[in-house]
Trainee: 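One structure is given below, represented as structure tokens, and several questions about it will come after.
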Amino acid sequence: MPNAFDFTASPFDCLTSDEQRLVRDAVDIAYFREGETLLDPGIEPLHLFVVIKGHVSQFDAEETVASYGPNDCFDGRSLVAGRASSRFVAAEEVLAYQLAKAAVNELISSNATFGALLFSDLSNKLSALAQRHSQREMQVLATARVAQAYLREAHTVDAGTSIVGVAALMQAQHTNSVLVRDAQRLGIFSNTGLQRAVVDGRPLDALPVRELATFKLVTIAPNAPLFDALALMIEHQVHRLVVTEGERIVGLLEQLDLLSFLSNHSYLISVQIVQAQDLPALQAAAAQITRLVALLFRGGTKVSQIGKLVQALNAKLFERTWRLIAPAELFAQSCLFVMGSEGRGEQLLKTDQDNGLILRDGASTSAADVERACERFSAALRDFGYPECPGGIMLSNPSWRRGASDFAGSVRHWLLRPDPEGLMALAIFIDAHAVAGDPSLLAAVRAEVDTLVSANDSLLGRFAAAIDSFPDASGGWWNRLLLIGEQDTQTLDLKKAGIFPIVHGVRSLALRDHVQATGSVARLEALVAIGRLPAEFATDLADSLHFLMALRLEAGLAELDTGRAVSGGVRTDKLSSLQRDLLKDALAVVKRFKALARHQFHLEGG
């Protein structure tokens, strides 16, 4: 009876100690030669197999549809159905655990999560995972440090400064407190002290701030736990702490900012953006967005929620940047918009700039002023960590900053004379989302698309055909998928393999049916509402998209942690058994969707 069963692999990692004991009592080890069949279609399975060594191939008819390696288990669905529907063959010598059917049934009855992870579809598996991770966010917050919160700049005044002078400084710097230097002493003066000064009765222009400052500072180090800061505030009945590192004053931690961090980290970044008076301040806020994404993701927040939050924060960031850079009349007479994953609300980590500007016809701003502002905007975003678009789809490119009539003319050209470049531009543009200026300018140009696309089957077919634009995504990636778990250290490009086919396929269906939404999930919901997609399949597509986005984000954050650039690739040999299982399920959904898209758009081979 084996004692080395690995209970860290899914789905066995959710078992209690008693359930683990049941597994140990009901499991044996079996050996299979290369080419030997473990299960045949129509056979009633008696065991759940867990691979120890070697690989097993799954066949539907003559097509290989999956491969199972060490720590992978199969075939839970056959156990539940009472009959195998696929053939499972040892691709090489295989050593595997055989867990008795009776024990599996008992585990399914006693542990809903085990059952869901074992044989459910993708949606139920992800739902089970969400329940398991529901406690992770508070665990992450419990380890957060003071430096991760929003620290306000510490402004210092001489102790002899009058209350009027201090109040003027506080108003100019938008701060509720200042530090007070009195020889060797350091104190603090806040709005509370200002209230006491008014009640004091002495002339405020002759009353030195030292008279009402508090010189018993409560300090904390930047690497101290954030909950320690909260405890200090409660203990000393203060609303702010002075954050110090040795003799250096790092900043001030306000109680409001601390509590906001614990309840809603995005609020702090939003405040930073709105209050920013220059580009360096916005650059600091932009850096916080990536840290927020990491914190939320590792705390268990769904990628769909993170995407919406990042879209909202980036919109504020871009709007504030454009307002600081553009002359007031240019800001009022233009519409700044973003496209691609940013426009769809599906950007997680910073990607290439995809933006444009529509100018109101007859705008009074000179061409030179427009060019200067657009060049500065693209450069600012580059400094914020958003790389320049290799294809030049950004404000610094004159092709993407035009008057409304010119832009509408470009759209008509894309639609009526669709060459590859025009189709690409159209695909990018229909994801456009206004972030600053007059949104009606974008809406008017977008209306050109709906007017001209009607009943243009040839255009729609050429547009939708891009789902097969990546050779590795139409055939090669599926073959490579079958190698997952083997000694293949190549990376899988999840964007090409799954994200792009889903996004563009959904975008094509939305274009055909004049769906105005830009987000993939919102488009899916609209397509279900008008009867173009079954609700269950739309759910599978949304779940698959979000899983692939999460896997890509996890890999990207790991690269950033080690100082590497985000590549967009995922090392398939580094995935857990659960991740491999979910990846296979997700890419199987992608394969079904591509077949549906080919059929609906009458593409060759559909």
Side-chain angles (χ1 to χ4, degrees), residues 330 333-344 353-365 367 370-371 374 389-467 469 500 503-520 522-523 526-527 530 532 597 600-603:
L330 173 58
Q333 297 177 352
S334 65
C335 176
L336 172 68
F337 59 92
V338 294
M339 298 169 284
S341 59
E342 180 63 49
R344 296 190 306 274
Q353 297 180 38
D354 281 324
N355 47 54
L357 187 75
I358 300 175
L359 298 163
R360 183 176 294 126
D361 289 335
S364 57
T365 309
V370 173
E371 179 179 4
C374 290
C389 176
I393 303 171
M394 51 188 182
L395 263 64
S396 57
N397 182 351
S399 297
W400 287 95
R401 57 171 195 264
R402 296 186 179 186
S405 295
D406 285 345
F407 234 117
S410 294
V411 170
R412 285 193 291 273
H413 176 80
W414 299 338
L415 288 162
L416 299 177
R417 302 180 62 186
D419 53 30
E421 291 73 18
L423 289 171
M424 181 189 72
L426 176 62
I428 294 168
F429 178 73
I430 62 175
D431 289 343
H433 174 73
V435 296
D438 183 356
S440 68
L441 295 171
L442 175 61
V445 177
R446 180 66 174 79
E448 287 286 327
V449 177
D450 292 321
T451 301
L452 297 174
V453 79
S454 299
N456 191 336
D457 290 341
S458 175
L459 166 69
L460 290 169
R462 293 187 63 187
F463 185 79
I467 60 171
S469 59
F500 178 80
V503 166
H504 189 68
V506 172
R507 179 163 50 202
S508 301
L509 293 172
L511 177 63
R512 179 191 63 186
D513 291 304
H514 306 284
V515 172
Q516 296 300 307
T518 54
S520 296
R523 285 169 170 166
L527 291 167
I530 61 177
R532 287 293 197 174
Q600 292 210 9
F601 289 103
H602 311 291
L603 303 180

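All values below come from the heavy atoms of this structure, side chains included, with hydrogens, waters and symmetry mates left out.
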Trainee: Asp438 and Ser440: which non-hydrogen atoms are nearest, and at how many Å?
Mentor: OD1-OG, 2.6 Å
Trainee: With a 4.5 Å limit on heavy-atom distance, are the side chains of His514 and Val449 in contact?
Mentor: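 No. Closest side-chain heavy atoms not under 4.5 Å.
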Trainee: For a 4.5 angstrom cut-off between non-hydrogen side-chain atoms, does Asp354 reach Val338?
Mentor: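 No, every pair of side-chain atoms sits at 4.5 Å or beyond.
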Trainee: Mind running side-chain contact (heavy atoms from CB on, under 4.5 Å) on Arg344 and Val503 for me, showing each step along the way?
Mentor: CA-CA 9 Å; Arg344 296 190 306 274; Val503 166; 3.4 Å; yes
Trainee: Looking at CG of Asn355 and OG of Ser396, how far apart are the two atoms once the value is rounded to the nearest 0.5 Å?
Mentor: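 These two atoms lie 8.0 Å from each other.
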Trainee: Do you know which two heavy atoms are closest between Met394 and Cys389, and how far apart they sit?
Mentor: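 Smallest heavy-atom distance, with atoms named: SD-N, 3.6 Å.
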Trainee: So, is the end of the Arg512 side chain (NZ or CZ) under 6.0 Å from the ring centre of Phe601 and within 45° of the ring's axis?
Mentor: yes
Trainee: To the nearest 0.5 Å, tell me how far Glu421 CD sits from Ser399 OG.
Mentor: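 One gets 12.0 Å once the value is rounded to the nearest 0.5 Å.
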Trainee: Please determine whether side-chain contact (heavy atoms from CB on, under 4.5 Å) holds for the pair Phe337 and Val435, giving the CA-CA distance in whole Å, both sets of side-chain angles, and the decisive distance to 0.1 Å.
Mentor: CA-CA 5 Å; Phe337 59 92; Val435 296; 5.8 Å; no
Trainee: Over 60° means perpendicular and under 30° means parallel, so classify the ring planes of His504 and Phe463, tilted if in between.
Mentor: tilted
Trainee: Could you go step by step and tell me if Glu448 and Trp414 meet the side-chain contact (heavy atoms from CB on, under 4.5 Å) rule?
Mentor: CA-CA 11 Å; Glu448 287 286 327; Trp414 299 338; over 6 Å; no
Trainee: To the nearest 0.5 Å, what is the distance between CE (Met339) and CD (Gln353)?
Mentor: 10.5 Å
Trainee: Please report the interatomic distance CG(Leu441) to CG(Leu357), rounded to the nearest 0.5 Å.
Mentor: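 Output value for this atom pair is 9.0 Å.
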Trainee: Taking side-chain contact (heavy atoms from CB on, under 4.5 Å) as the criterion, tell me which of Leu509, Asp431, Asp513, Leu511 meets it with Arg523.
Mentor: Asp431
Trainee: Looking at side-chain heavy atoms only, is the closest gap between Asp419 and His413 below 4.5 Å?
Mentor: yes
Trainee: Return the minimal non-hydrogen interatomic distance between Val515 and Ala526, and the atom names on each side.
Mentor: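 Where Val515 meets Ala526 most closely, the heavy atoms are CG1-CB, 3.7 Å.
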Trainee: What are the two closest heavy atoms between Thr518 and Ile430, and how far apart are they?
Mentor: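 Minimum heavy-atom contact is CG2-O, 3.9 Å.
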Trainee: Go through the steps to decide whether Val411 and Leu452 satisfy the test side-chain contact (heavy atoms from CB on, under 4.5 Å), and finish with yes or no.
Mentor: CA-CA 9 Å; Val411 170; Leu452 297 174; 5.5 Å; no
Trainee: Enter the distance from Leu442:CG to Cys335:SG here, rounded to the nearest 0.5 Å.
Mentor: 5.0 Å
Trainee: When rounded to the nearest 0.5 angstrom, what is the spacing between CG in Asn397 and CZ in Arg402?
Mentor: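 Output value for this atom pair is 8.5 Å.
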Trainee: Report yes if the side chains of Leu336 and Ile358 come closer than 4.5 Å at any heavy-atom pair, otherwise no.
Mentor: no
Trainee: Do Gln333 and Leu359 have side chains that get closer than 4.5 Å, going by heavy atoms?
Mentor: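 No, their side chains stay 4.5 Å or more apart.
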